[in-house]
Amino acid sequence: MKILVVGGGGREHAIIWKLNQSPLVKEIYCAPGNAGIGTIAKNVDISSDDTEKLIKFSRETGIDLTVVGPEEPLVRGIVDKFRQKGLKIIGPTEHAAQLEGSKAFAKGFMKKYNIPTAQYNVATTFEQASAIIENCSYPVMVKASGLAAGKGAFICESKGEALNMAKKLLDEKILGKSGDNIVIEEFLHGTETSILCFIDGNTIIPMANSQDHKRAFDGDEGEMTGGMGAFSPNYVYTEEIAKRTEAEILQPTLIGIQKEKMDYRGIIYVGLMITKEGPKVLEYNVRFGDPEAQTILPRLETDLAEIFNKIVDGRLKDININWSEEGTVCVMLASEGYPGNYKKGLEIKGLENISKDLLIFHSGTAKDGEHGERITTNGGRVLGIVGKGKTIDEAREKVYKNIGKISFKGAFYRTDIGFGR
Ligand code: AMP
Ligand code: GLY
């Protein structure tokens with residue numbers, strides 16, 4: 001098979017690393033890719049948002065299957081456009097991608113299909129928001145409904161803060177059109193877990209669970225980011241919770257997707273809060289998580305290309321999917337200033353000094369210099385260092401023994417990934 005992966009971050013590097021182990025896979029292309037991906041696949045200079053060019057490339061190159069990493073192209077309907085041209089692709093249709101593209105849509109879906117989630121209201125004007133906020137208890141979540149790269153959810157501790165946030169989103173448009181409507185939502189207490197699932201429209205199969213650390217700094221301080229690290233498995237996700245999640249959340253989600261005729265053949269990521277009353281959905285994402293994928297895929301023992309083929313054909317029930325018993329930990333090295341402004345083009349040194357039993361998945365990196373001999377930073381999150389061990393503790397120790405060997409100006413990382421579970 002010839003496979004095209006759309007995207008160019010750590011998640012896509014992990015997907016390609018896994019696909020590269022499959023005897024079914026002959027060639028892998030990645031658009032646009034990054035410096036690390038370029039060592040195991042062919043980087044193609046096409047933006048992940050340029051659907052027309054991606055279609056042209058797929059046809060000319062004879063791509064057998066396309067896999068989409070990031071949410072933006074999915075929400076803009078890349079899957080429908082590829083399928084209209086008879087090209088095979090993994091991902092939700094534009095309609096199904098609304099489960100991530102619009103929080104208001106996702107909450108409406110959960111309500112309709114009785115899927116446990118936080119109580120909520122939607123507002124499209126500041127006047128509506130004020131009336132809702134008048135009757136809330138605190139803290140309360142105020143969220144932009146549209147896409148915001150993981151940075152559109154705000155915890156508000158008081159009425160004043162909630163009103164202020166609603167104004168910033170609805171009137172001042174700090175997140176542009178993504179804040180055209182907002183979701184005001186009950187704050188849930190508990191432990192978060194990410195349940196990524198394979199789905200083919202007939203069957204939904206959860207992957208090994210994982211947990212992401214979303215705040216920029218140690219002790220969950222600082223701003224929300226795309227994710228500063230992750231680990232798998234999360235031991236709070238017991239068999240009992242898993243059974244409840246399957247019955248109360250995953251199966252009703254599948255039924256809802258079928259009833260709404262979404263034709264969803266791809267990955268669905270269910271972000272859960274394990275509360276005292278049981279698991280509740282915080283959000284749906286319509287793709288692999290980043291950095292969750294970097295911790296889950298190294299534990300996958302089944303051929304990922306074969307799983308993708310089964311998804312496209314709607315025959316997911318015909319495959320057994322196995323996971324290793326190991327624990328994995330991924331720590332992200334980020335650029336100074338992330339998730340705000342940061343510099344690009346800084347030389348990364350010391351990659352060769354990392355112990356060979358660790359995995360390095362590149363996020364924002366590029367090749368630079370006259371002969372492309374230097375590897376430089378090209379994003380906010382730069383590299384994910386992944387350790388494996390019999391336990392999470394063993395995996396984490398390996399990562400932290402090594403991560404300091406890599407350097408670039410202003411590099412920072414959290415030192416508590418996988419602790420305090
Ligand atoms: P979202 O973009 O909706 O996933 O929210 C981003 C993050 O905000 C989640 O991963 C949680 O850490 C936090 N969060 C979102 N909704 C809630 C909620 N209702 N209660 C508590 N924390 C939440
Ligand atoms: N790590 C969170 C996400 O991928 O959305």
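Just so you know, ligand 1 is whichever comes first in the structure, and atom 1 is the first atom listed for that ligand.
In this structure, F187 has its ring center no closer than 6.0 Å to that of Y138. Ring pair F412/F217: centre-to-centre distance below 6.0 Å. Between H213 and F231, the ring centre distance stays below 6.0 Å.
Close approach to E185 involves these atoms of ligand 1, each under 4.0 Å from a residue heavy atom: 16 (N), 17 (C), 18 (C), 19 (N). Of all the atoms in ligand 2, the ones that sit under 4.0 Å from a non-hydrogen atom of G289 are 4 (O). Taking a cut-off of under 4.0 Å to the non-hydrogen atoms of N285, the atoms of ligand 2 that pass are 5 (O). Near E292, with a cut-off below 4.0 Å to any heavy atom, the atoms of ligand 2 are 1 (N), 2 (C), 4 (O). Ligand-side atoms of ligand 1 in range of K214: 10 (O), range being under 4.0 angstrom from any heavy atom. Applying the 4.0 Å criterion to heavy atoms of E192 picks out, from ligand 1, the atoms 9 (C), 10 (O), 11 (C), 12 (O).
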>> I'd like to know whether R299 forms a side-chain contact (heavy atoms from CB on, under 4.5 Å) with T295, so could you lay out the CA-CA distance, the side-chain angles of the two residues, the decisive distance to 0.1 Å, and finally the verdict.
In response: CA-CA 7 Å; R299 296 186 53 209; T295 62; over 6 Å; no

>> Between T193 and V236, is the side-chain contact (heavy atoms from CB on, under 4.5 Å) condition met? List the steps.
In response: CA-CA 8 Å; T193 300; V236 301; 4.1 Å; yes

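Considering only non-hydrogen protein atoms, atom 20 (N) of ligand 1 sits nearest to L188 N, 2.8 Å. Closest to atom 5 (O) of ligand 2, if we only count protein heavy atoms, is R287 NH2, 2.8 Å. Counting only heavy atoms of the protein, atom 2 (C) of ligand 2 lies nearest to D212 OD2, 3.3 Å. Scanning the protein heavy atoms around atom 7 (C) of ligand 1, the nearest turns out to be M224 CE, 3.4 Å.
With F361 as the fixed residue, the side-chain contact (heavy atoms from CB on, under 4.5 Å) test singles out one of R11, Q294, E12: Q294.
No side-chain N or O of Y237 forms a donor-acceptor pair with one of Q211 less than 3.5 Å apart. Side-chain atoms of N181 and T124 include no donor-acceptor pair closer than 3.5 Å. Inspection of the Y284 and T253 side chains reveals an N or O donor paired with an N or O acceptor under 3.5 Å. Under the 3.5 Å distance criterion, with hydrogens and angles disregarded, a donor-acceptor pair is assigned to the side chains of K107 and T117. Judged by distance alone, the side chains of Y269 and E292 do bring a donor and an acceptor atom under 3.5 Å apart.
Residue R11 has no N or O atom closer than 3.5 Å to an N or O atom of ligand 2. The distance criterion of under 3.5 Å between nitrogen or oxygen atoms is met by G226 with respect to ligand 2. Residue D290 places at least one N or O, backbone or side chain, under 3.5 Å from an N or O of ligand 2.
In this comparison of A153, G152, G271, the heavy atom closest to atom 6 (C) of ligand 1 sits on A153. Scanning H189, K103, M273, K280 for the heavy atom closest to atom 1 (P) of ligand 1 points to K103. Taking only non-hydrogen atoms, the option from K143, M141, E283 nearest to atom 18 (C) of ligand 1 is M141.
For the pair F288 and ligand 2, no heavy-atom separation below 4.0 Å is found. At least one heavy atom of P291 sits less than 4.0 Å from an atom of ligand 2. In this structure, G227 does not count as a contact residue of ligand 2, since none of its heavy atoms falls inside 4.0 Å of the ligand.
With rounding to the nearest 0.5 angstrom, the OG atom of S363 is 11.0 Å from the CG atom of N378.
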